[in-house]
Amino acid sequence: MKIKNPLDMHLHLRDEAMLKLVAPFSAKDFRAGVIMPNLIPPLTNLEQLRAYKERITSLCENANFTPLMTLFFKDYEAKFLELARAEIFAIKLYPAGITTNSANGVANFDLKNLASTLNAMSELEIPLLVHGETNDFVMDREAKFAPIYEALAQNFPRLKIVMEHITTKTLCDLLEKYENLYATITLHHLLLTLDDVVGGKMQPHLFCKPIAKRYEDKQALCKLAFSGYEKAMFGSDSAPHSKNDKECCGCAAGIFSAPVALSVLAELFSKHSNEANLQKFISDNACAIHKLEFSKEKIITLKEEKWQVPQNYGEVVPFMAGSELKFKVSAT
Ligand code: NCD
Ligand code: ZN
């Protein structure tokens, strides 16, 4: 199986030692990644953003990997955004306190407060990426955010809005209702329901935000991904935390899937779909939606060859640790 220019449209690379550990996995397998800005402190200015981009690229030098940078959403002046436009791919909005390192996110979704930044973004064609969850009951958080997505889509019709890591049928259905709504889907949400996380012994390495939902939600996500549906893009949400931060009282949310993402997707699509739809899900849809072009191509070959996922990469436990996978990335 061959894939051209695989893209990870939602990726956490962290910083410092963790960045050094995890960046090579994404750089090896993907042509580009949309890099999340939830560092401490969050990325909100161009000096920080340039320095972070430099730290990433210096680790991926021979890999033909482009980090597509994002800023952390806050009230930005139009002048600043005009300057930033050439250096950023998008702006990522987090509700305050909803997930890892989101304390500085948006606390009030009264659109009047957000309008000046969102209007400037519309004008400058800067996409808005949204972590859509409210503070409601944990299984309902994403669906309860749907009215906010609707209000955003209606009030800012020229703004490209990406509903990140969708996990519910509710949001799958919303894609059909608004032209300017798009979505990313993770690998783990194509595989897991809440049962896998807490139905038996509690599995900290499957704990993430948004939490995996019901079987019918997973089915709705699979239907979009496996059909190559043009508004759905792959975004791994690969989000590494140290083993200590996962296997403790107060487990951090996040699943580290970068090292296995392509192998597992190849297996899933060979079983439930086909190579052409994988190509759409993992690259073509995102290229069409965001008008992305890459001068230097990256072709990834996936061979049918069994391998076992290691129990850990350094201090991080990967998604599906210990499992046997059927496809292996063989050459780039
Ligand atoms: C992410 C992280 O660890 O940064 N965690 C997660 O569970 N997905 C943040 C996020 O994308 O919500
Ligand atoms: Zn994320």
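Atoms within each ligand, like the ligands themselves, are counted from 1 in listed order. We're numbering straight along the sequence, starting at 1.
Taking the six-membered ring for Trp and thresholds of 30 and 60 degrees, His165 and His131 have ring planes more than 60 degrees apart, a perpendicular arrangement.
Taking 4.0 Å as the cut-off between side-chain N and carboxylate O, Glu123 and Arg158 count as a salt-bridged pair. With salt bridges taken as basic N to acidic carboxylate O contacts below 4.0 Å, none links Glu216 and Lys169.
One side chain, Thr167 or Lys213, offers a donor N or O that lies under 3.5 Å from an acceptor on the other. For the residue pair Ser283/Asn5, the side-chain donor-acceptor check at 3.5 Å is not satisfied.
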Write out each pair where an N or O from ligand 1 and one from the protein are under 3.5 Å apart, with the distance.
unit_1: ligand 1; atom_1: 3 (O); unit_2: Arg14; atom_2: NH2; d: 2.7
unit_1: ligand 1; atom_1: 3 (O); unit_2: Thr100; atom_2: OG1; d: 3.1
unit_1: ligand 1; atom_1: 3 (O); unit_2: His241; atom_2: NE2; d: 2.9
unit_1: ligand 1; atom_1: 3 (O); unit_2: Ala253; atom_2: O; d: 3.1
unit_1: ligand 1; atom_1: 4 (O); unit_2: His12; atom_2: ND1; d: 3.3
unit_1: ligand 1; atom_1: 4 (O); unit_2: Arg14; atom_2: NH1; d: 2.9
unit_1: ligand 1; atom_1: 4 (O); unit_2: Arg14; atom_2: NH2; d: 3.4
unit_1: ligand 1; atom_1: 4 (O); unit_2: Asn38; atom_2: ND2; d: 2.8
unit_1: ligand 1; atom_1: 5 (N); unit_2: Ala253; atom_2: O; d: 3.1
unit_1: ligand 1; atom_1: 7 (O); unit_2: Lys209; atom_2: N; d: 2.7
unit_1: ligand 1; atom_1: 7 (O); unit_2: Ala253; atom_2: O; d: 3.3
unit_1: ligand 1; atom_1: 7 (O); unit_2: Gly254; atom_2: N; d: 3.2
unit_1: ligand 1; atom_1: 8 (N); unit_2: Lys209; atom_2: O; d: 3.0
unit_1: ligand 1; atom_1: 8 (N); unit_2: Asp237; atom_2: OD2; d: 2.8
unit_1: ligand 1; atom_1: 11 (O); unit_2: His12; atom_2: NE2; d: 3.1
unit_1: ligand 1; atom_1: 11 (O); unit_2: Asp237; atom_2: OD1; d: 3.2
unit_1: ligand 1; atom_1: 12 (O); unit_2: Thr99; atom_2: OG1; d: 2.7
unit_1: ligand 1; atom_1: 12 (O); unit_2: His131; atom_2: ND1; d: 3.3

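The minimum distance between the Zn ion (ligand 2) and any N, O or S atom of Asp237 involves atom OD1.
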What pairs of donor and acceptor atoms, side-chain ones from residues 309-322 against any protein atom, are under 3.5 angstrom apart with sequence neighbours left out?
unit_1: Asn312; atom_1: ND2; unit_2: Gly314; atom_2: O; d: 2.8

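Centred on the Zn ion (ligand 2), the angle running from His12 (NE2) to His10 (NE2) is recorded as 110°, rounding to 10°.
Between Phe65 and Phe30, the distance from one ring center to the other does not fall under 6.0 angstrom.
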